[in-house]
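Structure, as structure tokens:
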2 protein chains.
Amino acid sequence: MNSFTEENYLKAIFKLLEKGEKAVSTTALSARMTTKAATVTDMIKRLAEKKLINYEKYQGVTLTEKGKAIAISIIRKHRLWEVFLVEKLHFKWDEVHEMAEQLEHVKSEELVNRIDAFLNFPKFDPHGDPIPDAKGVFNRKKSVLLAEINTGQNCIMTGVVDHSVNFLQYLDKVGLSIGKEIKLIEVVGFDKSIQVQLNGKEKVFLSHEVAKNLLVNKQ
Amino acid sequence: MNSFTEENYLKAIFKLLEKGEKAVSTTALSARMTTKAATVTDMIKRLAEKKLINYEKYQGVTLTEKGKAIAISIIRKHRLWEVFLVEKLHFKWDEVHEMAEQLEHVKSEELVNRIDAFLNFPKFDPHGDPIPDAKGVFNRKKSVLLAEINTGQNCIMTGVVDHSVNFLQYLDKVGLSIGKEIKLIEVVGFDKSIQVQLNGKEKVFLSHEVAKNLLVNKQ
DNA sequence: ACAAATATTTAGATTAGTCTAAATATTTAG
DNA sequence: CTAAATATTTAGACTAATCTAAATATTTGT
Ligand SMILES: [Mn+2]
Ligand SMILES: [Mn+2]
Ligand SMILES: [Mn+2]
Ligand SMILES: [Mn+2]
């Protein structure tokens, strides 16, 4: 059995690898885990010992098949619990992450599969992130950043890049949520801020910083 | 914040105190926790330091108000999660304890209160054990052992003393479950085994050992 | 290409939780 | 009431996860 700490390292490595790098550096991992590089070196030795990661001194790490499967199962649990908390217990999308951080470590394959069925096999979590199925297969979606859309284009909001409570609450305030129809009305040349129209109704101004953190699908 | 281990010690002390003793001995606690007495001595020093228990060398321990509140909150979470697992995810009563042992340590008062509401404020868990409310108040029930009932008496099954998977599965097999009507037909003088009638229908033989582990309310 | 900057590993400590073995205190029984 | 049995605590050690400081390796920039 793996400890919570080991599971969290595997998840962190998975997410860093997802970003494109071919191996995860000690420093990148220590930043993500908010620990010191020396601590990371100790831990990656342990994970390599357990054959959950591939590690060569000074060369960074990658996940073995076994390690990857564990990372995906943690992510699956995290996202399913978030759906449960929002859909069934009526928490808001900015309130669920910390609870899911704990719930993702509950050990029972059967439990997560029953939750999955109870929720009707959702494909995305409350933040628009894909939920891998029981076999670890992700529903790969081809969303783009709202910041990269052309004027006049109609889109559907599909997710967020920044998951912070602050950002999520701001989106609530301006009326942005997953599934909303967003039409790009205008891009201001000076600072790249934009004006959008939501569901063909209210018009809203968004900074470039915000637009860079919103994922959409073109209509 | 308290560790899982500390929470488990507090819960164990609570349950041992419930059994009637005025203080819990190091040995009793080490048996319950399946650790060594020396380990318990270390831990009770830590818990006393944190003012969660009252401890005097060689005199055993009791819970402070703070310690008692924590123990009750863990028990509340454990039992509510068990109800959730049985009622919503359709697990059987012999399958839920291990999952609840993990879920009881998830830290969020709000979460447990939402689960409580989601389940419609149940008063008892799937094994008939009372669930304390958000203020820590237990629904005290006055159940008696089936072994102490007189011939001819009609009762309702309200709980179990032994919570083992083996016992629970045996009860399923013979058709005994919480809420069932049990009429005591006959007590065999030789070995105190009994014959009972369930819901006015099937008759079943039960050993004295089984009867000593079933809780009922007289009708 | 090599010195300076940066990244990584090693060495040595610390804390929580556990153990075994030994010391000491309490309880029990003759 | 004391000796033997039992319970409890103390001492010393181990592992996982963390840290700081020092050593070493890699990368970068002139
Ligand atoms: Mn999350
Ligand atoms: Mn999420
Ligand atoms: Mn239980
Ligand atoms: Mn129970």
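Chain naming here is simple, since letters A, B, ... match the order of the sequence lines and numbering starts at 1 in each.
Rounded to a whole Å, the NZ atom of B/Lys57 is 15 Å from the P atom of C/dT27. Rounded to whole Å, atom P of C/dG17 lies 14 Å from atom CD of B/Glu49. The nearest whole Å value for the distance from the CE atom in B/Met33 to the C1' atom in C/dA16 is 14 Å. Distance B/Asn8 CG to C/dG17 P: 11 Å, rounded to the nearest Å. Protein atom NZ of A/Lys45 is 10 Å distant from nucleotide atom C1' of C/dA11, rounded to whole Å. The CD-P distance, from B/Glu56 to D/dT9, rounds to 11 Å in whole Å. The distance from atom CZ of B/Arg32 to atom P of D/dA7 is 19 Å, rounded to the nearest whole Å.
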Report task. Produce a footprint string for nucleotides 15-23 of chain D: one letter per nucleotide, 5' end first; B if the base is under 4.0 Å from any protein heavy atom, S if only the sugar-phosphate is, - if neither. Result -> -SSBBBB--

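The residues A/Glu7 and A/Lys77 are annotated as not salt-bridged, no charged nitrogen and carboxylate oxygen being separated by less than 4.0 angstrom.
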Report task. For B/Ser164 and B/Asn166, run side chain to side chain donor-acceptor pair (under 3.5 Å): C-alpha distance rounded to whole Å, both residues' side-chain angles, the deciding distance at 0.1 Å, then the answer. Result -> CA-CA 5 Å; B/Ser164 69; B/Asn166 248 337; 5.7 Å; no

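Counting any heavy atom pair closer than 4.0 Å across all strands shown, B/Thr26 reaches sugar-phosphate atoms only and no base atom.
When each of B/Asp133, B/Asp116, B/Asp125 is paired with B/Arg76, the salt bridge (charged side-chain N to carboxylate O under 4.0 Å, His left out) condition holds for B/Asp116 and for no other.
Legend: residues meeting side chain to side chain contact (heavy atoms under 4.5 Å, CB included) with A/Ala48, ordered by chain and number and at least two apart, are A/Ile53, A/Tyr55.
Counting only Watson-Crick or G-U wobble pairs whose defining distances are both under 3.5 Å, the stems of 3 or more consecutive pairs in DNA chain C are C:1-30 with D:1-30.
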Which side-chain N or O atoms in residues 32-47 of chain A pair as donor and acceptor under 3.5 Å with protein atoms at least two apart or in another chain?
| residue | atom | partner | partner atom | Å |
| --- | --- | --- | --- | --- |
| A/Thr41 | OG1 | A/Ala37 | O | 3.2 |
| A/Arg46 | NH2 | A/Glu6 | OE2 | 2.8 |

Please tabulate, one pair per line, all N/O donor-acceptor pairs under 3.5 Å involving side-chain atoms of residues 138-145 of chain B, not counting sequence neighbours.
| residue | atom | partner | partner atom | Å |
| --- | --- | --- | --- | --- |
| B/Lys141 | NZ | B/Gly128 | O | 2.5 |
| B/Lys141 | NZ | B/Thr158 | O | 3.2 |
| B/Ser143 | OG | B/Thr158 | OG1 | 2.7 |
| B/Ser143 | OG | B/Asn217 | OD1 | 3.1 |

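Using a 30° and 60° split on the angle between ring planes, A/Trp81 and A/Phe84 fall in the perpendicular class, above 60°.
Among pairs with a residue in residues 106-130 of chain B, those fulfilling ring-ring contact (aromatic ring centres under 6.0 Å, His included) read B/His127-B/His163, at least two apart in sequence or across chains.
In this structure, A/Arg79 contributes its side chain and A/Pro130 its backbone to a donor-acceptor pair below 3.5 Å.
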